[in-house]
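Atom set for the values below is all heavy atoms of this structure, side chains included, hydrogens, waters and symmetry mates excluded. As the structure is a computational prediction, the values presented were derived from the model and not from experiment. Each residue takes its place number in the sequence, starting with 1.
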Amino acid sequence: MVAAEFIHDIRLAQNLLVLKTSPGNANTVAAGLDRANWPEVVGTVAGDDTILVVLPDPATARAVRHRLLQMLGLPA
């Protein structure tokens, strides 16, 4: 779904996650998240190197951030 080499940072902002990617890769990563059909994810918006992931509440956003970090093998 998501390749670790594309994502450089995952920041939490209330019920939102901001994923920083390599330039030109945000759309591909966002499409992978959308195809994964995680019920917690309300939606994604991608630019060139940034993805906004919308979650229903801050607790869910924290849980999804932790899950993504684990999947990518990054420290939580």
- Item | Candidate list Leu17, Asp34, Val42, test side chain to side chain contact (heavy atoms under 4.5 Å, CB included), partner Val53, passing option |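 That would be Leu17; it is the only one of Leu17, Asp34, Val42 passing the side chain to side chain contact (heavy atoms under 4.5 Å, CB included) with Val53.
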
Count I, L, V, M, F, W, Y as connected when their side-chain heavy atoms are under 4.5 Å apart, and connections chain through other members. Are Leu33 and Val41 then in the same cluster?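 In one cluster: yes.
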
Report task. Identify whether Met71 and Val64 are in the same connected component of the hydrophobic contact network (ILVMFWY, side-chain heavy atoms under 4.5 Å). Result ->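 Hydrophobic grouping puts Met71 with Val64.
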
Rounded at 0.5 Å granularity, tell me how far [atom1] in [X] sits from [atom2] in [Y].
{"X": "Glu40", "Y": "Asn15", "atom1": "CD", "atom2": "CG", "value": "13.5 Å"}
{"X": "Leu52", "Y": "Leu19", "atom1": "CG", "atom2": "CG", "value": "9.5 Å"}
{"X": "Asp9", "Y": "Leu69", "atom1": "CG", "atom2": "CG", "value": "9.0 Å"}
{"X": "Leu55", "Y": "Arg62", "atom1": "CG", "atom2": "CZ", "value": "10.5 Å"}
{"X": "Ile51", "Y": "Asn27", "atom1": "CD1", "atom2": "CG", "value": "8.0 Å"}
{"X": "Asp48", "Y": "Thr50", "atom1": "CG", "atom2": "OG1", "value": "8.0 Å"}

How about [X] and [Y]: do any of their side-chain heavy atoms sit closer than 4.5 Å?
{"X": "Ile7", "Y": "Val29", "result": "yes"}
{"X": "Ile10", "Y": "Val18", "result": "no"}
{"X": "Leu68", "Y": "Trp38", "result": "yes"}

(Q) Could you report the tightest heavy-atom contact between Gly47 and Ala26, atom names first, then the distance? (A)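 Residues Gly47 and Ala26, closest heavy atoms: O-CB, 3.2 Å.
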
- Task: Ignoring hydrogens and angles, state whether a donor on the side chain of His8 or Thr21 is under 3.5 Å from an acceptor on the partner side chain.
- Result: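 Side-chain D/A pair, His8 to Thr21: absent.
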
Under a 3.5 Å threshold, yes or no: a donor from one side chain and an acceptor from the other, between Asp57 and Thr60?
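A donor-acceptor contact under 3.5 Å links the two side chains.
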
